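No experiment lies behind these values; they were computed from the predicted model shown.
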Amino acid sequence: MATLDEIREEQIRMLRLRLRVDLTCYRLRVARLSREEAAALIERTKQEILDLFPEKEQVFELVLRPRFERILQERAWAEWGVADSLN
C-alpha cells in the first residue's frame, strides 16, 4: 500500500504534468511559432513529461502528441482561412 508521502508525490507529479500540457497547448494556440519551433516545443514537453513519468513514452505518443498536432492543424486552418470555407 502506498504511503501518504508517495501519494502526495504522485499528486504533485500529476499536477506538473497537467500544467506542462496546458501551457504547451496554450503556446501552440497563441504564440507565433514556426512549424520547427512548434515541433521543438512538443519535443521539450515530451522530455519533461518523460522526466516525470519514465517509461510512458507510448502514452505520450498515443494521447498527447495527437492532441498537440490537432491544435497545430486547427491553427493552420484558421490562419489560412480554410476553416471559413469549410463552414
Side-chain angles (χ1 to χ4, degrees):
M1 182 152 194
T3 66
L4 202 53
D5 286 339
E6 291 170 336
I7 292 170
R8 198 172 293 128
E9 180 64 33
E10 180 75 8
Q11 289 173 335
I12 290 169
R13 290 188 308 142
M14 289 299 295
L15 177 61
R16 289 180 64 198
L17 167 69
R18 226 174 296 130
L19 287 172
R20 172 46 53 204
V21 170
D22 288 347
L23 286 171
T24 300
C25 288
Y26 176 79
R27 288 201 60 211
L28 292 173
R29 284 188 183 103
V30 175
R32 287 256 181 233
L33 301 172
S34 68
R35 182 71 180 166
E36 293 80 20
E37 292 168 327
L41 174 61
I42 292 169
E43 289 306 311
R44 280 193 311 273
T45 299
K46 176 182 176 180
Q47 190 54 55
E48 290 175 14
I49 289 171
L50 292 179
D51 289 345
L52 290 171
F53 297 96
E55 301 177 16
K56 294 296 182 180
E57 184 171 2
Q58 185 176 12
V59 175
F60 180 90
E61 296 299 335
L62 289 172
V63 177
L64 294 175
R65 186 176 300 278
R67 180 178 177 186
F68 297 147
E69 293 293 333
R70 189 170 42 255
I71 291 168
L72 291 177
Q73 186 66 42
E74 289 168 359
R75 184 171 176 178
W77 286 345
E79 287 179 4
W80 295 336
V82 176
D84 292 335
S85 65
L86 293 175
N87 293 328

Arg8 meets the side-chain hydrogen bond (donor to acceptor under 3.5 Å, both in side chains) criterion, sequence neighbours left out, with Asp5

Using 4.0 Å as the upper bound for N to carboxylate O, is an ion pair formed by Glu69 and Arg35? yes

Exercise for review: Would you kindly confirm whether Leu17 and Val63 end up in one hydrophobic cluster when ILVMFWY residues are joined by side chain heavy atoms under 4.5 Å apart?
Suggested key: yes

Output for pair (Gln58 CD, Glu61 CD), nearest 0.5 Å, gives 9.5 Å

CD of Gln11 to CZ of Arg16, rounded to nearest 0.5 Å, is 14.5 Å

Across all chains, not counting sequence neighbours, the side-chain hydrogen bond (donor to acceptor under 3.5 Å, both in side chains) partners of Arg44 are none

- Glu37 side chain vs Ser34 backbone, donor-acceptor pair below 3.5 Å: yes

Does Glu6 have more than 12 heavy atoms from other residues, nucleotides or ligands lying within 6.0 Å of its CD?
yes

Open item on the list: According to a hydrophobic-cluster definition based on side-chain heavy atoms being under 4.5 Å apart (Ile, Leu, Val, Met, Phe, Trp, Tyr only), do Leu72 and Leu62 belong together?
Closed with: yes

In this structure, CG of Leu15 is separated from CZ of Arg13 (nearest 0.5 Å) by 12.5 Å

Under a 4.5 Å cut-off applied to non-hydrogen side-chain atoms, are Met14 and Leu52 in contact?
no

*asked:* Between Arg20 and Lys46, is the side chain to side chain contact (heavy atoms under 4.5 Å, CB included) condition met? List the steps.
replied: CA-CA 10 Å; Arg20 172 46 53 204; Lys46 176 182 176 180; over 6 Å; no

Separation between CD (Glu10) and CZ (Phe53), nearest 0.5 Å, reads 5.0 Å

Taking Arg75 for its side chain and Leu28 for its backbone only, find out whether a donor-acceptor pair lies under 3.5 Å.
yes

(message) Applying side chain to side chain contact (heavy atoms under 4.5 Å, CB included) to Ile71 and Tyr26, what does each step give before you reach the verdict?
(response) CA-CA 9 Å; Ile71 291 168; Tyr26 176 79; over 6 Å; no

Interatomic distance, NZ@Lys56 vs CG@Leu64, rounded to 0.5 Å, equals 12.5 Å

- Linked, directly or transitively: Val59 and Phe68 (ILVMFWY side chains, under 4.5 Å): yes

When rounded to the nearest 0.5 Å, the distance separating OG1 of Thr24 from CZ of Arg29 is 11.0 Å

